[in-house]
Amino acid sequence: MITRTPYSMLTSKEIKPSGWLRKQLEIQAKGLCGNLHKIWPDIRDSKWIGGDREGWERVPYWLDGFVPLAYLLEDEELIKVVKKYIDFIIEKQHGPEKGIAWEGWICPVKNIDELNAYDDWAVFLIAKMLIVYYDCSGDERIPGVVEKIVKNMRFRSVHFIPKDWASSRWFEFLITVYWLYERTGEEWMLETVDNLWYSAVDYKKIFGADWKNKKPAYEWQHRGHVVNLAMALKSDALLCRYFNTKGYSTDPDEFAEKMFSLLQEYHGTVTGHFNGDECVSGKSPVHGTELCGIVEAMYSYEWLFVLTGKEKWLDRLESITYNSLPAGLSDDMWTRQYDQMSNQIACLKYEEDNTPFMTNGIEGGLFGLETNYGCCTVNFAQGWPKFALSTFVKNDNGISAAAIAPSILNFSKDGADIKITLDTEYPFNNELRYIIEASKPVNFDFEYRIPGCSKGAYVNGEYKGCGMHKISRTWEGTNEINITLNFETEIISRDNDLFSFKRGPLVYSLPIGEKWEPVEYEDENSVRKFPYCDYLISPTTDWQFAFSSTESEFKYNGLSDVPFSSKTPPCELHVKMKPIEWGYKEGLEGLCAREEPVSREAKGESVDKVLYPFGCPKLRMTEIPIIK
């Protein structure tokens with residue numbers, strides 16, 4: 001048995017993005033994510049579809065975001081591509097003819113030696129993706145395909161100890177097992193949970209009293225890998241669904257909160273994420289954090305809200321979605337960055353053995369198709385679509401508004417057709433308007449959320465505090481709930497006596513002028529031609545400033561066709577600053593700022609400066625001193 005969750009996720013059949021969120025998904029569809037199957041050999045010529053290129057995580061990663069993107073946008077051309085890949089993958093799933101070790105196996109391998117040595121992380125990933133596809137498409141083949149995968153993994157989990165990435169990410173397969181169990185109720189499936197847990201990485205042990213990764217990791221390791229940790233935030237909460245039916249009395253929130261708090265204390269960034277330029281790298285504003293880690297943390301927070309019912313996970317989700325995610329993507333989403341920094345004065349190639357990163361290479365800060373590693377090229381795809389799917393969830397007797405973004409929900413209850421629309425330009429402004437339409441009188445609960453980044457709100461003129469607020473009533477005709485959030489500009493204190501401005505969920509940065517230089521080339525393995533080339537980004541304006549006042553003035557500009565535009569930001573803060581001598585990190589002159597300035601003495605008079613939301617500029621200074 002498994003326990004019920006406080007909330008249940010909805011699908012693209014019920015939820016559709018609108019407003020600026022739809023624009024964001026449309027940009028993604030026109031950029032890398034929507035074109036990788038045309039231009040990148042690891043997707044276009046993958047072993048997953050009969051080619052000779054990578055046959056492990058890249059196609060499953062890409063489909064995990066590409067599938068919900070296609071269905072959320074109801075884009076028939078993209079849906080055709082989805083079906084081409086899914087049909088080929090399903091067709092190649094093995095039956096019983098080769099024996100029990102092969103039966104149900106779905107990943108591309110040639111022989112028994114490859115099968116036995118295969119890292120099962122790709123199995124976990126493709127199974128999870130197939131569930132997303134089923135929820136979007138309703139393809140009746142999928143439950144049977146997934147059942148065969150679970151049976152095969154039950155066999156493998158008895159005869160093989162999970163290795164490498166599978167050992168670190170074993171809990172991701174619980175999502176698949178629970179999904180199938182809720183449809184069949186067959187107890188044998190849950191044996192796989194026991195088998196994986198017994199033999200794989202134990203994060204409770206890692207994050208015990210003597211946690212070894214409080215300091216930056218200077219050597220590569222699984223236990224300190226930022227993506228593994230971002231995924232593992234939800235590990236115990238998932239496990240609790242099964243173990244709490246066996247006599248355990250574990251709070252699904254307890255370990256997640258402990259792990260989150262430790263990561264923030266020792267490696268936290270101003271956006272609410274944690275640094276890890278491959279492995280955890282401290283709190284420095286010039287140590288990067290990997291884009292894969294950002295989208296996986298988002299996915300963990302989406303699950304943690306559903307599993308624990310605690311809205312703090314939605315606050316944390318919005319913080320990194322509205323700051324860290326867009327910061328790692330170009331305006332047109334034709335290029336992505338591997339590692340982003342809070343204080344990022346250039347995105348240029350470093351010299352060997354002389355980078356600001358702990359465990360990443362010379363291309364770690366570049367925007368490009370495949371710079372540093374290709375995992376982020378495919379994995380970033382899940383960020384915006386899955387966030388769109390987290391805007392509404394089911395509660396016991398109705399619907400709860402969860403992550404705040406413009407979207408539309410359609411569902412039926414007791415013979416009534418119900419439509420709930422959220423009309424908003426949040427997070428850029430503070431107005432929310434829910435419109436609830438019912439075709440006939442129907443009773444259900446509707447929950448709305450006042451986010452923790454607000455100092456309460458006025459709801460149809462009545463003041464409400466932060467948190468979830470439930471309305472239980474009979475709904476008839478058209479109803480409106482108008483919410484004005486109380487945003488106040490805050491000064492966030494960071495290490496080394498540095499500070500950042502924040503308003504609502506948005507962190508603000510001093511933008512630096514950007515010169516983008518395309519790097520085009522062709523060799524035997526790859527082609528880099530505009531628009532899917534790599535880029536060097538050099539600064540064109542000065543960045544060595546300190547705040548000379550804690551006062552600021554907020555200005556709302558309105559939304560353009562690019563919601564997180566680096567050129568025409570939707571909102572801004574006007575502040576006073578003075579020039580100072582900041583200086584470069586030793587050996588990285590012109591490439592990377594120091595962790596803190598050489599001097600905090602003003603070199604001139606106060607000047608007016610404009611701060612942009614963190615996710616808009618690609619070159620930025622975010623953690624800055626205040627001249628007293």
Inset, instruction - Using modelled atom types only, decide if a donor and an acceptor are shared between the side chain of S319 and the backbone of D315 within a distance under 3.5 Å. - result: no
Inset, instruction - State, yes or no, whether a side-chain contact exists between I320 and T269 at a heavy-atom distance under 4.5 Å. - result: no
Inset, instruction - Kindly say whether the aromatic ring centers of Y7 and F305 come within a distance under 6.0 Å. - result: yes
Legend entry - Pair F367 and W516, ring centroids less than 6.0 Å apart: yes
Inset, instruction - Using the test side-chain hydrogen bond (donor to acceptor under 3.5 Å, both in side chains), find all partners of K618 that sit at least two apart in sequence or belong to another chain. - result: none
Legend entry - Non-neighbouring partners of K92 that pass side chain to side chain contact (heavy atoms under 4.5 Å, CB included), sequence neighbours left out: F88
Legend entry - Polar side-chain atom of T250 near backbone of P252 as donor-acceptor pair, under 3.5 Å: no
Legend entry - Criterion side-chain contact (heavy atoms from CB on, under 4.5 Å) against S157, the qualifying member of L196, V193, N152: L196
Inset, instruction - For Y338 and G361, indicate whether the former's side chain and the latter's backbone hold a donor-acceptor pair under 3.5 Å. - result: no
Inset, instruction - Write down the atom of P108, the atom of G55, and the distance for their closest heavy-atom approach. - result: CG-O, 3.4 Å
Inset, instruction - Among D45, D42, D64, find the one that has a salt bridge (Lys or Arg N to Asp or Glu O under 4.0 Å) with R58. - result: D42
Inset, instruction - Decide, yes or no, whether a salt bridge links K163 with D119 under the criterion of side-chain N to carboxylate O below 4.0 Å. - result: no
Legend entry - Residues that E363 engages under salt bridge (Lys or Arg N to Asp or Glu O under 4.0 Å), provided they are two or more places apart: K349
Legend entry - I161, CD1 atom: more than 12 neighbouring heavy atoms under 6.0 Å: no
Legend entry - Expected output: side-chain Q24 to main-chain W384 donor-acceptor under 3.5 Å: no
Inset, instruction - Mark yes when over 12 heavy atoms from residues, nucleotides or ligands other than K212 sit less than 6.0 Å from its NZ; otherwise mark no. - result: no
Inset, instruction - Indicate yes or no for a side-chain donor-acceptor contact from W48 to the backbone of W56 under 3.5 Å, with no hydrogens or angles considered. - result: yes
Inset, instruction - Indicate whether any N or O donor in one side chain lies under 3.5 Å from an N or O acceptor in the other, for W105 and Q93. - result: no
Legend entry - Main-chain N/O of R44 paired with S46 side-chain donor or acceptor, under 3.5 Å: no
Legend entry - Distance-only donor-acceptor check, side chains D339 and N372, under 3.5 Å: no
Legend entry - side-chain hydrogen bond (donor to acceptor under 3.5 Å, both in side chains) partners for S324, two or more places apart: T271
Inset, instruction - Taking atom types as modelled, find out whether E595 and S284 have a side-chain donor-acceptor pair closer than 3.5 angstrom. - result: yes
Legend entry - Electrostatic pair E302-R316, nearest N-O below 4.0 angstrom: no
Legend entry - Sequence neighbours excluded - ring pair (Phe, Tyr, Trp, His ring centres under 6.0 Å) pairs with any residue from residues 270-290: none
Inset, instruction - Would you mind reporting whether T289 and D277 have side-chain heavy atoms less than 4.5 Å apart? - result: no
Legend entry - Heavy-atom side-chain proximity of T622 to R620 below 4.5 angstrom: yes
Inset, instruction - Can you sort out the partners of Q221 under side-chain hydrogen bond (donor to acceptor under 3.5 Å, both in side chains), two or more places apart, ordered by chain and number? - result: N213, R223
Legend entry - Taking every non-hydrogen atom, the tightest pair across A593 and V286: O-CG1, 3.5 Å
Inset, instruction - Go through M9 and L389 one step at a time and tell me if the side chain to side chain contact (heavy atoms under 4.5 Å, CB included) criterion holds. - result: CA-CA 8 Å; M9 292 181 177; L389 290 172; over 6 Å; no
Inset, instruction - Kindly state whether the ring of F243 and the ring of W197 have centres lying under 6.0 angstrom apart. - result: yes
Inset, instruction - Without swapping roles, check the side chain of D332 against the backbone of W334 for a donor-acceptor pair under 3.5 Å. - result: yes
Legend entry - Distance-only side-chain donor-acceptor flag, T3 / N244, under 3.5 Å: no
Inset, instruction - Kindly say whether E57 contributes a backbone atom to a donor-acceptor pair with the side chain of E54 at under 3.5 angstrom? - result: yes
Inset, instruction - Report yes if the side chains of L506 and Y508 come closer than 4.5 Å at any heavy-atom pair, otherwise no. - result: yes
Hey, can you pull the donor-acceptor pairs under 3.5 Å for the side chains in residues 30-37, sequence neighbours left out?
residue : atom : partner : partner atom : Å
N35     : OD1  : K38     : NZ           : 3.2
N35     : ND2  : K30     : O            : 3.1
N35     : ND2  : G31     : O            : 2.8

Legend entry - H267 NE2 to C279 SG distance, which is reported to the nearest 0.5 Å: 10.5 Å
Legend entry - Pair E290-Q340, side-chain hydrogen bond (donor to acceptor under 3.5 Å, both in side chains): steps then yes or no: CA-CA 7 Å; E290 186 182 338; Q340 68 178 242; over 6 Å; no
Inset, instruction - Please find out if less than 6.0 Å separates the ring center of W20 from that of Y322. - result: yes
Inset, instruction - Compute the centroid of each ring, for F564 and then for Y612, and state whether the two points are separated by less than 6.0 Å. - result: no
Inset, instruction - Not counting sequence neighbours, which residues clear salt bridge (Lys or Arg N to Asp or Glu O under 4.0 Å) with D253? List them please. - result: K312
Legend entry - Note: E265-K214 ion pair, threshold 4.0 Å (strictly below): no
Legend entry - Flag side-chain contact, heavy atom, 4.5 Å: W121 against D164: no
In residues 225-234, what donor-acceptor pairs under 3.5 Å come from side-chain atoms, sequence neighbours left out?
residue : atom : partner : partner atom : Å
H225    : ND1  : V227    : N            : 3.2
H225    : ND1  : N228    : N            : 3.4
H225    : NE2  : E278    : OE2          : 3.0
N228    : OD1  : R169    : NE           : 2.7
N228    : OD1  : R169    : NH2          : 3.2
N228    : ND2  : H222    : O            : 3.1
N228    : ND2  : H222    : ND1          : 3.3
K234    : NZ   : E172    : OE2          : 2.5
K234    : NZ   : M231    : O            : 3.3
K234    : NZ   : S300    : OG           : 3.2

Legend entry - Any donor-acceptor pair under 3.5 Å from T335 side chain to G368 backbone: yes
Legend entry - L130 and I106: CA distance, side-chain angles, deciding distance, side chain to side chain contact (heavy atoms under 4.5 Å, CB included) verdict: CA-CA 11 Å; L130 287 169; I106 198 166; 4.1 Å; yes
Inset, instruction - Under the salt bridge (Lys or Arg N to Asp or Glu O under 4.0 Å) rule, collect the residues that match up with D120, sequence neighbours excluded. - result: R156
Inset, instruction - Could you check if a side-chain atom of F171 sits within less than 4.5 angstrom of a side-chain atom of Y203, using non-hydrogen atoms only? - result: yes
Legend entry - For Y198, all residues meeting side chain to side chain contact (heavy atoms under 4.5 Å, CB included), sequence neighbours excluded: D194
Inset, instruction - Could you check if a side-chain atom of Y535 sits within less than 4.5 angstrom of a side-chain atom of L366, using non-hydrogen atoms only? - result: no
Legend entry - Any L291 side-chain heavy atom under 4.5 Å of L329 side chain: yes
Inset, instruction - Taking atom types as modelled, find out whether R336 and T377 have a side-chain donor-acceptor pair closer than 3.5 angstrom. - result: yes
Legend entry - Partners meeting salt bridge (Lys or Arg N to Asp or Glu O under 4.0 Å) with D135 (sequence neighbours left out): none
